[in-house]
Amino acid sequence: MSEEIVIVGGGPNGLMLACELGLAGIRPLVIERLPCRSDQPKANAIIGQVVHLLHRRGLGSERPGPAPAFAFGALPLNLADLENNPLTGMQIRQPELEEQLERRAVELGVQIRRGHELTDLAQDAQSVTLSVTGPAGPYTLSTRYLVGCDGGHSTVRKLADIDFPGVIQSDIVSRAAQVTVPGATLRPEHAELEVPGIGTFGLYTWHRTERGAYAMLPTGPGVLTVSSMEWGGFVPGDEVPMTIAELRASLARVAGADLPLAAPAGDGPHLLRRLNGRNTRVADRYRQDRVFLAGDAAHVHSAMGAPGLNLGLQDAANLAWKLAATVRGWAPRGLLDTYQAERRPAALRVAMHSKAQLALTTPGPEVTALRELFGELLSEEVNRRRIAALLAGADLPYPMPAPPHPLLGRFLTDLPAQFHEPASQALPLLLDPTGSLRVQHSHVKVMPAQAPQAVLLRPDGYVAWAGTPDESLDEALRIWFGAGLTEPLPTSRN
């Protein structure tokens with residue numbers, strides 16, 4: 001059995017990749033070890049540039065909007081007064097997003113095999129041969145390209161012999177559970193939880209003390225997700241089951257208050273998790289011949305700042321159109337190599353700022369002094385804007401082989417609504433404000449636009465070229481979309 005593209009991993013990143021490939025006319029096969037889609041509570045929202053892309057694809061639960069406030073290293077980040085705030089958010093729970101992505105993938109003709117596990121792989125110059133174990137037993141299949149979206153413990157990464165360098169902080173333990181707090185009053189409009197006889201606690205963000213950090217997030221009627229982090233001290237082994245009583249004791253140590261936490265009503269599943277240690281790792285390469293990595297298979301990091309889905313889903317969008325172009329035969333030379341060149345620096349950037357945020361949350365008088373200084377810096381608009389762009393993933397443009405331009409290599413966030421329909425089809429777009437661009441390209445849709453300049457957008461929403469039409473546009477079209485230029489632009493214009 002032969003496939004064009006096989007994706008190992010049916011989480012959000014693997015499903016996003018499958019959807020993007022489907023929009024490009026490729027029907028990948030998705031192999032997922034779990035027998036059904038996970039319903040475990042995970043992320044409750046997405047931040048960053050990818051929310052614009054999801055919205056253009058008709059995914060998500062709401063129109064994205066700028067985040068009026070956020071946090072960096074448990075320090076408040078006020079963004080309400082920022083003009084053109086770069087940090088955008090979308091309220092959607094990860095299980096809901098995965099459900100939407102799976103439904104879209106199936107509509108696009110993607111085949112998803114659940115309960116199938118990759119056990120081995122071998123590749124040659126033409127294909128990758130996979131050994132898979134499924135419900136009916138072991139079998140083999142071959143594919144032109146394989147993409148590992150199978151998480152931080154990626155089997156694909158290990159079988160492809162791709163190194164995963166980084167650091168581990170072994171002295172930290174984090175706990176989280178969905179709970180109720182009997183007798184408490186929840187005031188979401190004030191971001192407060194009032195517990196009679198005990199005190200008032202802030203919601204929606206991390207709070208750092210000299211003994212650790214904690215956070216409380218409403219996740220349902222009367223239900224909170226309560227999290228704690230502690231450094232040093234006794235850490236139970238992974239074989240010891242996590243309990244609400246353990247979280248309660250940890251919260252009492254960190255917050256200095258003993259809250260009466262209880263399990264929510266109903267069968268759940270309800271989050272109940274302990275993580276010992278904290279890994280920050282980035283794969284030393286994202287490609288080994290015909291094998292690629294995306295999402296957590298390529299990078300793991302602290303959840304501080306909630307960068308995970310923004311990073312992984314953009315990996316998928318970046319890789320998909322390049323793989324599709326290669327499979328369909330029109331990819332220009334070296335196109336697949338740009339995947340690592342563009343996405344690995346983005347992962348290194350997230351690894352850096354997630355470690356910085358974790359360091360700012362660590363107990364100790366030196367960190368307290370550092371936080372005081374950092375808080376003063378965040379009082380200045382220029383620094384808040386810089387941090388917001390960092391969290392959004394908007395501060396590091398892709399390297400582009402074209403004349404310099406402020407938009408080049410950046411995600412175009414303010415794409416007018418009339419272009420969302422072609423954007424929902426993952427088409428490359430040439431936005432023409434002059435109405436005179438006669439360029440015809442078999443892979444690019446030319447559309448009239450009310451804008452001060454022409455812009456060439458890749459399917460993933462990034463600007464490949466911008467400016468006044470001249471011979472550099474021809475070159476950009478060829479660099480990114482190959483030799484499909486059927487009507488070359490004249491070399492000079494009036």
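Counting from 1, the numbers follow the sequence of the chain as shown.
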Legend entry - side-chain hydrogen bond (donor to acceptor under 3.5 Å, both in side chains) assessment of S302 paired with K355: CA-CA 7 Å; S302 165; K355 285 189 291 185; over 6 Å; no

Inset, instruction - Please check if any side-chain donor atom of Y398 sits under 3.5 Å from a side-chain acceptor atom of R343, or the reverse. - result: yes

Legend entry - Side chain to side chain, I479 and E475, heavy atoms closer than 4.5 Å: yes

Legend entry - Rounded distance [0.5 Å steps], CG in L29 versus CZ in R27: 13.5 Å

Inset, instruction - Verify the neighbour count for atom CZ of R386: are there more than 12 heavy atoms of other residues, nucleotides or ligands below 6.0 Å? - result: no

Legend entry - Cationic N near anionic O, under 4.0 Å, E102 to R37: yes

Inset, instruction - Might you point out which heavy atoms bring A105 and A18 nearest each other, and give the distance in Å? - result: CB-CB, 4.5 Å

Inset, instruction - Would you confirm whether R328, through its side chain, and A24, through its main-chain N or O, come within 3.5 Å as a donor-acceptor pair? - result: yes

Inset, instruction - Please round to the nearest 0.5 Å and tell me the distance separating atom CG of L336 and atom CG of L319. - result: 7.0 Å

Inset, instruction - Report yes if the side chains of V6 and Y145 come closer than 4.5 Å at any heavy-atom pair, otherwise no. - result: no

Inset, instruction - List the atom of G461, the atom of R56, and the distance in Å for their closest heavy-atom pair. - result: CA-NH1, 4.3 Å

Legend entry - Gap separating the CE atom of M16 from the CD1 atom of I7, nearest 0.5 angstrom: 11.5 Å

Legend entry - Lys/Arg N to Asp/Glu carboxylate O, R290 vs D124, below 4.0 Å: no

Inset, instruction - For residues A324 and I26, report the shortest heavy-atom separation together with the two atoms involved. - result: CB-CG1, 3.8 Å

Inset, instruction - Check whether any side-chain N or O of Q123 sits under 3.5 Å from a backbone N or O of T129 as a donor-acceptor pair, and report yes or no. - result: no

Legend entry - Side chain proximity check, L335 to W480, heavy atoms < 4.5 angstrom: yes

Inset, instruction - Verify whether one side chain among S472 and W465 offers a donor that lies under 3.5 Å from an acceptor in the other. - result: yes

Inset, instruction - Give a yes or no on whether the backbone of C149 and the side-chain of D296 come within a donor-acceptor separation of less than 3.5 Å. - result: no

Inset, instruction - Answer with yes or no after comparing the ring centroid distance for F292 and Y286 against a 6.0 Å cut-off, counting only values under it. - result: no

Legend entry - Main-chain N/O of E3 paired with R144 side-chain donor or acceptor, under 3.5 Å: no

Legend entry - Shortest non-hydrogen separation from Q49 to Y462 and the atoms involved: NE2-OH, 3.4 Å

Legend entry - Check against side-chain contact (heavy atoms from CB on, under 4.5 Å), L473 and L430: CA-CA 10 Å; L473 174 56; L430 177 58; 4.2 Å; yes

Legend entry - Parallel, tilted or perpendicular, as decided by the 30° and 60° cut-offs, for the rings of W330 and F481: tilted

Inset, instruction - Indicate whether the side chain of N318 and that of Q314 have a donor and an acceptor atom separated by less than 3.5 Å. - result: no

Inset, instruction - Look at the side chain of E32 and the backbone N and O of L34, then say whether any donor-acceptor pair between them is shorter than 3.5 Å. - result: yes

Legend entry - Heavy-atom donor-acceptor pair, T280 side chain to A351 backbone, under 3.5 Å: no

Legend entry - Sidechain N-carboxylate O distance under 4.0 Å for E342, R458: yes

Legend entry - Straight-line distance of N383 CG to L77 CG, nearest 0.5 Å: 10.5 Å

Legend entry - R344/D284 under salt bridge (charged side-chain N to carboxylate O under 4.0 Å, His left out): CA gap, chis, key distance, verdict: CA-CA 9 Å; R344 191 169 185 274; D284 70 345; over 6 Å; no

Inset, instruction - Might you confirm whether atom CD of E107 has over 12 heavy atoms from other residues, nucleotides or ligands at distances under 6.0 Å? - result: yes

Inset, instruction - Evaluate whether atom CD of E421 has more than 12 neighbouring non-hydrogen atoms of other residues, nucleotides or ligands under 6.0 angstrom away. - result: no

Inset, instruction - Please round to the nearest 0.5 Å and tell me the distance separating atom CG of L396 and atom CG of L390. - result: 9.5 Å

Inset, instruction - Return yes if some donor-acceptor pair links the side-chain N/O of Q340 with the main-chain N/O of R285 below 3.5 Å, else return no. - result: no

Inset, instruction - Check step by step if salt bridge (charged side-chain N to carboxylate O under 4.0 Å, His left out) holds for D81 and R384. - result: CA-CA 10 Å; D81 62 340; R384 283 183 281 122; 2.8 Å; yes

Legend entry - Y339 vs D315 side-chain heavy atoms within contact, under 4.5 Å: yes

Legend entry - Side-chain donor-acceptor pair present, T88, H52, cut-off under 3.5 Å: yes

Legend entry - Presence of salt bridge, R57 and E20, under 4.0 angstrom: yes

Inset, instruction - For the residue pair L224 and L217, establish whether any side-chain heavy-atom pair is separated by less than 4.5 Å. - result: no

Legend entry - Any donor-acceptor N/O pair, R281 side chain to V167 backbone, under 3.5 Å: no

Legend entry - Check: P28 and E4 side chains under 4.5 Å, non-hydrogen atoms: no

Inset, instruction - Flag the pair R349 / D395 as yes when at least one side-chain heavy-atom distance between them is below 4.5 Å, and no otherwise. - result: yes

Legend entry - Non-hydrogen side-chain atoms of H116 and T133 separated by less than 4.5 Å: no

Legend entry - side-chain contact (heavy atoms from CB on, under 4.5 Å) evaluation trace for R93 with T219: CA-CA 9 Å; R93 296 181 180 178; T219 52; 4.0 Å; yes

Legend entry - All side chain to side chain donor-acceptor pair (under 3.5 Å) counterparts of D163, not counting sequence neighbours: none

Legend entry - Any donor-acceptor pair under 3.5 Å from S154 side chain to D150 backbone: no

Inset, instruction - With side-chain contact (heavy atoms from CB on, under 4.5 Å) as the test, would you mind laying out the steps for L186 and L203 before giving the verdict? - result: CA-CA 9 Å; L186 187 64; L203 301 174; 3.5 Å; yes

Legend entry - Shortest non-hydrogen separation from R114 to C36 and the atoms involved: CD-CA, 3.7 Å

Legend entry - side-chain contact (heavy atoms from CB on, under 4.5 Å) assessment of R104 paired with L59: CA-CA 9 Å; R104 175 68 57 81; L59 297 164; 4.1 Å; yes

Legend entry - Test item: N85 side-chain N/O and P66 main-chain N/O as donor-acceptor pair under 3.5 Å: no

Inset, instruction - To the nearest 0.5 angstrom, please state how far the CG atom of L87 sits from the CG atom of L391. - result: 6.0 Å

Legend entry - Closest heavy-atom pair and its distance - N84, R385: O-NH1, 3.4 Å

Legend entry - Within the 6.0 Å centroid threshold, strictly below: F164 and H299: no

